[in-house]
Amino acid sequence: MPELPEVETVVRGLRNSIINQTIEAVDISDKQLRLPYHLEMVPILRGKKITDITRYAKYIIIHTNSIYKLVMHLGMSGRLTISGLANKEKHDHVVFKLSNTQLIFNDARRFGLVALVENLDNSKLFSHLGIDPFASEFTWECLYNLTKRSKSLIKSLLMNAKCIVGIGNIYATESLFSAKILPNRVASSLSEVEVVLLYQSIIEVLSKAIDSGGSTLKDYVHADGNIGQFQNSFRAYGRINKLCYECNHIIQRIQIAGRSSFYCANCQK
DNA sequence: CTGAGATCCTGTCTGC
DNA sequence: TGCAGACAGGATCTCA
């Protein structure tokens with residue numbers, strides 16, 4: 001679910017509310033997430049102070065005054081929220097009791113993960129990941145190099161975390177619409193001009209989505225429980241059979257790599 | 001090696 | 001109203 005803008009929004013929300021708080025207890029449910037829990041996190045984190053919260057790809061990293069970092073991924077339906085209420089909700093899998101509130105990891109579909117990591121650089125979770133769109137090394141030339149040597153479809157490439165991290169189905173769809181490039185084009189067929197347009201579209205779409213607090217389709221909420229607003233700015237995603245805002249042709253849907261892709265056959269070439 | 005498809009899991013919505 | 005089937009922000013494994 002949450003793509004880069006949603007994760008970034010959650011991280012910013014947490015940064016504003018739980019830095020300097022102490023983890024007093026960790027309560028782990030019996031339902032497994034994507035990977036087995038590191039149960040040793042319960043004693044290790046007890047009494048530790050939260051010093052910073054950062055994002056690495058779609059992972060949320062909670063730094064403490066111990067050598068370990070708490071790493072979380074929201075999968076498709078994960079929520080990471082702050083709540084003063086003690087009552088447990090369905091699908092609350094890990095609850096961190098803090099000085100004067102609770103940090104709650106809730107995930108209906110359990111595709112997410114909560115892990116303890118000592119060294120981020122050595123972690124298997126991150127070793128294969130591609131470039132972050134907001135890293136200074138991510139330039140249009142960098143994107144061009146990726147497309148040139150790829151035989152996959154451009155939308156698959158954008159969503160492939162081994163190439164670029166953080167872009168999922170929504171933002172791949174919106175970026176391609178904005179750049180007027182069909183999602184089922186072979187990546188290596190894109191011209192330099194098209195790649196420049198696509199690069200600019202990715203940065204613009206992601207930036208606007210972050211400014212809007214991300215997109216809420218169903219499960220995603222901010223750390224404070226509020227929903228995102230970027231879903232109101234979608235120009236292609238989910239707009240099947242509706243009129244294209246640019247040219248009034250019908251928005252169509254195709255499946256690419258098993259995911260719905262929405263596009264305007266008139267605008268996108 | 002690469003890329004497409006299936007898979008993990010639960011909830012919600014649509015159509016019969 | 002009930003039930004089957006499709007579909008949903010991701011990542012990873014398997015197979016061709």
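Lettering of chains follows the sequences in order, A, B, ..., and the numbering in each one begins at 1.
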[X] side chain, from C-beta outward: closest of [options]:
X: A:Ser150; options: B:dT10, C:dA8, B:dG3; result: B:dG3
X: A:Lys90; options: B:dT10, B:dG11, C:dA8; result: B:dG11
X: A:Met159; options: B:dT12, B:dT10, C:dG10; result: C:dG10
X: A:Phe111; options: B:dC8, C:dT12, B:dT10; result: B:dC8

Q) Which sits closer to the 5' end of DNA chain B, A:Lys151 or A:Lys218, going by the nucleotide each is nearest to? A) A:Lys151
**Q.** For B:dA4, the Watson-Crick or wobble partner whose two distances fall under 3.5 Å
**A.** C:dT14
Q) Side-chain N or O of A:Arg34 less than 4.0 angstrom from OP1 or OP2 on C:dT12? A)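 Looking at the OP1 and OP2 atoms of C:dT12, one of them is under 4.0 Å from a side-chain N or O of A:Arg34.
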Q: May I ask you to verify if any side-chain N or O of A:Ser77 is less than 4.0 angstrom from the OP1 or OP2 atom of B:dG11?
A: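 False: A:Ser77 side-chain N/O out of range (4.0 Å or more) of B:dG11 OP1/OP2.
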Can you tell me the distance, in whole Å, between the [atom1] atom of [X] and the [atom2] atom of [N]?
X: A:Glu3; N: C:dA8; atom1: CD; atom2: C1'; result: 12 Å
X: A:Arg79; N: C:dG10; atom1: CZ; atom2: P; result: 17 Å
X: A:Leu157; N: B:dA4; atom1: CG; atom2: C1'; result: 14 Å
X: A:Leu217; N: B:dC13; atom1: CG; atom2: P; result: 13 Å
X: A:Ile256; N: B:dG3; atom1: CD1; atom2: P; result: 15 Å

Q.
So, under a plain 3.5 Å distance rule, would you say the side chain of A:Arg259 forms a donor-acceptor pair with the base of B:dG5?
A. no
Q. Between the side-chain atoms of A:Arg110 and the base atoms of B:dC9, is any donor-acceptor pair under 3.5 Å?
A. no
(Q) So for atom NZ, which belongs to A:Lys48, do other residues, nucleotides or ligands contribute more than 12 heavy atoms lying within a distance under 6.0 Å? (A) yes
Q.
Quick check on A:Lys88: does its NZ atom have over 12 non-hydrogen neighbours (other residues, nucleotides or ligands) under 6.0 Å away?
A.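 Enclosed: over 12 neighbouring heavy atoms sit under 6.0 Å from NZ of A:Lys88.
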